Protein chains: 2
Amino acid sequence: MEELNKKILLVEDDPNFGTVLKDYLMMNDYDVVHAKNGMEGFEKFKKDDFDLCILDVMMPYKDGFTLAKEIREKNKDVPIVFLTAKAMKEDVLKGYKVGADDYLNKPFDSEVLLMKIKAIMQRKATETISDSKQFEFKIGSFDLNSKLRFLRYKGGEPVKLSPKENELLRLLALHENDLMPRQLALTKIWRDDNYFTSRSMDVYIAKLRKYLKLDEKVEILNIHGEGFRLVVNN
Amino acid sequence: MEELNKKILLVEDDPNFGTVLKDYLMMNDYDVVHAKNGMEGFEKFKKDDFDLCILDVMMPYKDGFTLAKEIREKNKDVPIVFLTAKAMKEDVLKGYKVGADDYLNKPFDSEVLLMKIKAIMQRKATETISDSKQFEFKIGSFDLNSKLRFLRYKGGEPVKLSPKENELLRLLALHENDLMPRQLALTKIWRDDNYFTSRSMDVYIAKLRKYLKLDEKVEILNIHGEGFRLVVNN
DNA sequence: CTAGCTTTTAACCTTACATTAACAAAAATG
DNA sequence: CATTTTTGTTAATGTAAGGTTAAAAGCTAG
């Protein structure tokens, strides 16, 4: 049972409200990471890939706008929604300047928030990903197309990859000849790190090795206790 | 210096408010056509190409939602913003279902409206450049005329396509050889995304495959969990 | 109102996937 | 070198997604 829920970063200093909102979102099948202030929010943002950020504007130390700016520096695309208690015009305008996708005045209806989240996600999904470079890799005599999820050997018939196979091989390719730490794959792909996910990953390594056998110059080496290494000899 | 301003259709039955809003928008370099009710709004919409529609929800005879639906039938892409006096949850949800781009509660700040308009226009600008005006496609030995809704094999007798068949095939053709995400079709064509619409789409995929069987070089491949891919082999 | 088309829903079946189990082999540990 | 830990690999299992056809429900023009 594979769950690929959308991940939301919620930064809200009011613990009550924050917890309630978090629970509500999680009840609606979102993975939510809750940060209690701007600093923490930015730390958590850097550590993970989020599909959406919900930021409270009024927070001590680092307000939502400042945080948004920092987030924008790291990621120009992630949607940002602001929450604010007062409907100050200047705030709204400031928010849009920073690249907000939407704006909600507290108190707001939770269903409306859900709807907006959905709308925003759909919008993002619509924006066609044209930079194919990120998704194409040469691995020895193989071509990996990570968007279309296939692996082709010397221009022959492409083999279809499952989502997990694909992401794992992509991650290995991104670290070609270098160590790809277990942890990394587990957190990025499996979003969890326990005995079973780890074993699951080993199973996928075995599958990938089978595919890659066609080119004896390509292999996946294990670095005991550390992770794996995709090497291309020549 | 000849400017080609963005064109806005404003449908608002309150003459005072409507006029004020119209003037304000025109002061900000938009061309505004003001209709006093739903009927008139639709007439004017048909007569011209607009970049944005601003619709009051509460209008006699024909409310904003009904009008929006009619507009959507003619044009699936034009952004729609609703204005409403009361912030009724049901209304907001209904609005998003019809494909609203945004929602404003009266009284609202005019600068905020401007900001939203700008944001929406920008979004559409990046989104719909390539998609917009393409209605004829060659798909292997087929010709698809998406305006007249027919599909012809090797210059033979054209087959008529239903609206949904047509839009789906068009969307696939726009992404020929590339991934056409499920989400995209569901939001663009069905404007909703749930189990049933998804299944409905699968039914249409089956129908299209039947049509396309005539040319064995053309096929619709599934990418599990992602979407479909119209490929033309040679 | 209904004939004829379109779309959705239902049903049933197949395929694709991810996880878990089971057992074997390496590597580390001490 | 015996034992524990980690990894390699294959197979079994359960579930979700997709393929397909048919029936039901919606529409719309006469």
Side-chain angles (χ1 to χ4, degrees), chain A residues 1-5 29 148-151 158-172 179-183 185-186 188-213 219-230, chain B residues 66 69-70 72-73 76 97 149-151 159-172 179-186 188-213 219-230:
Chain A
M1 93 211 134
E2 171 62 8
E3 311 180 23
L4 253 176
N5 293 337
D29 293 326
L148 302 178
R149 284 206 337 238
F150 67 71
L151 180 68
V159 178
K160 294 217 245 173
L161 299 180
S162 88
K164 289 265 146 80
E165 291 168 351
N166 177 54
E167 291 185 66
L168 186 55
L169 185 52
R170 174 162 174 275
L171 213 53
L172 286 163
L179 170 68
M180 194 283 290
R182 269 194 111 80
Q183 280 277 0
L186 291 175
K188 281 238 173 198
I189 300 176
W190 276 265
R191 294 177 164 203
D192 187 16
D193 167 3
N194 61 47
Y195 172 76
F196 290 111
T197 53
S198 191
R199 278 344 308 283
S200 199
M201 172 171 164
D202 289 331
V203 171
Y204 279 96
I205 291 289
K207 290 183 187 192
L208 291 181
R209 282 185 174 133
K210 225 180 247 175
Y211 293 140
L212 297 174
K213 263 211 296 270
E219 46 185 344
I220 298 175
L221 302 182
N222 173 251
I223 299 172
H224 200 90
E226 299 289 331
F228 295 92
R229 194 156 84 91
L230 175 67
Chain B
T66 313
K69 252 183 230 156
E70 292 176 354
R72 274 277 168 267
E73 271 169 40
K76 287 187 303 300
K97 268 249 167 74
R149 293 213 324 253
F150 68 70
L151 181 67
V159 177
K160 301 187 81 179
L161 298 180
S162 87
K164 288 262 148 77
E165 291 169 349
N166 176 56
E167 292 182 57
L168 186 54
L169 185 52
R170 172 164 178 271
L171 214 51
L172 285 164
L179 170 67
M180 194 283 289
R182 273 193 109 81
Q183 279 273 0
L184 184 73
L186 291 175
K188 282 224 172 187
I189 300 176
W190 277 266
R191 297 202 165 275
D192 189 14
D193 165 4
N194 61 47
Y195 173 76
F196 290 111
T197 52
S198 191
R199 276 347 303 283
S200 197
M201 172 172 164
D202 290 332
V203 171
Y204 278 96
I205 290 289
K207 290 183 186 192
L208 291 181
R209 280 186 174 133
K210 231 176 243 174
Y211 292 139
L212 297 175
K213 262 213 294 268
E219 47 185 342
I220 298 175
L221 302 182
N222 173 250
I223 299 176
H224 199 95
E226 297 288 332
F228 294 92
R229 190 156 85 98
L230 175 67

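Fair warning: this is a prediction, and the values are worked out from it, not measured in the lab. Proteins come first, then strands; the chains are lettered A, B, ... in the order of their sequence lines, and each starts at number 1.
The two residues A:Leu179 and A:Ile223 have their closest heavy-atom pair at CD1-CD1, 3.6 Å. Residue B:Arg149 comes nearest to B:Ser162 through the heavy atom pair NE-C, 3.8 Å, listed as atom of the first residue, atom of the second, then distance.
Side-chain nitrogen and oxygen atoms of B:Arg149 include none within less than 4.0 Å of the OP1 or OP2 phosphate oxygen of C:dC5. The phosphate of C:dT7 (OP1 or OP2) has no side-chain N or O of B:Ser200 nearer than 4.0 angstrom.
Rounded to whole Å, the distance from CD on B:Glu70 to C1' on D:dC27 is 15 Å. Rounding to whole angstrom units, OH of residue A:Tyr204 and C1' of D:dA11 are separated by 14 Å. Between the C1' atom of D:dT21 and the NZ atom of B:Lys207 lies a distance of 11 Å, rounded to the nearest Å. Between the P atom of C:dT9 and the CH2 atom of B:Trp190 lies a distance of 12 Å, rounded to the nearest Å. Rounded to whole angstrom, the span from the CG atom of B:Asn166 across to the C1' atom of C:dT7 amounts to 15 Å. Rounded to a whole Å, the CG atom of B:Asp192 is 10 Å from the P atom of C:dT8. Rounded to an integer number of Å, the gap from A:Leu208 CG to C:dC17 C1' is 14 Å. Look at CE on B:Met201: it is 9 Å from P on D:dG18, rounded to the nearest Å.
At least one side-chain heavy atom of B:Leu212 sits under 4.5 Å from a side-chain heavy atom of B:Leu230. Two residues are said to be in side-chain contact when any heavy atoms from C-beta on lie closer than 4.5 Å; A:Ser198 and A:Leu186 meet this criterion.
Between the CZ atom of A:Phe150 and the CG atom of B:Leu221 there is a distance of 10.5 Å, given to the nearest 0.5 Å.
Comparing A:Ser162 and B:Pro163, the nucleotide of DNA chain C nearest to each residue sits closer to the 5' end for B:Pro163. Summary of the strand contacts: A:Lys160 and A:Phe196 both lie near DNA chain C, and taking for each the nucleotide with the nearest heavy atom, the more 5' one is attributed to A:Lys160.
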Hey, mind stepping through B:Leu208 and B:Leu151 against side chain to side chain contact (heavy atoms under 4.5 Å, CB included) and telling me if it holds? CA-CA 10 Å; B:Leu208 291 181; B:Leu151 181 67; over 6 Å; no
Salt bridge (charged side-chain N to carboxylate O under 4.0 Å, His left out) between A:Lys207 and A:Asp202: does it pass, once the steps are laid out? CA-CA 9 Å; A:Lys207 290 183 187 192; A:Asp202 289 331; over 6 Å; no
For nucleotides 6-9 of chain D, which of its nitrogen or oxygen atoms have a protein nitrogen or oxygen under 3.5 Å away, and what is each distance?
from	atom 1	to	atom 2	distance (Å)
D:dT7	OP1	A:Gly225	N	2.8
D:dT7	OP2	A:Arg182	NH1	3.1
D:dG8	OP1	A:Arg209	NH1	3.0
D:dG8	OP1	A:Arg209	NH2	2.8
D:dG8	N7	A:Arg199	NH2	2.8
D:dG8	O6	A:Arg199	NH1	3.1
D:dG8	O6	A:Arg199	NH2	3.3
D:dT9	OP2	A:Arg209	NH1	3.3

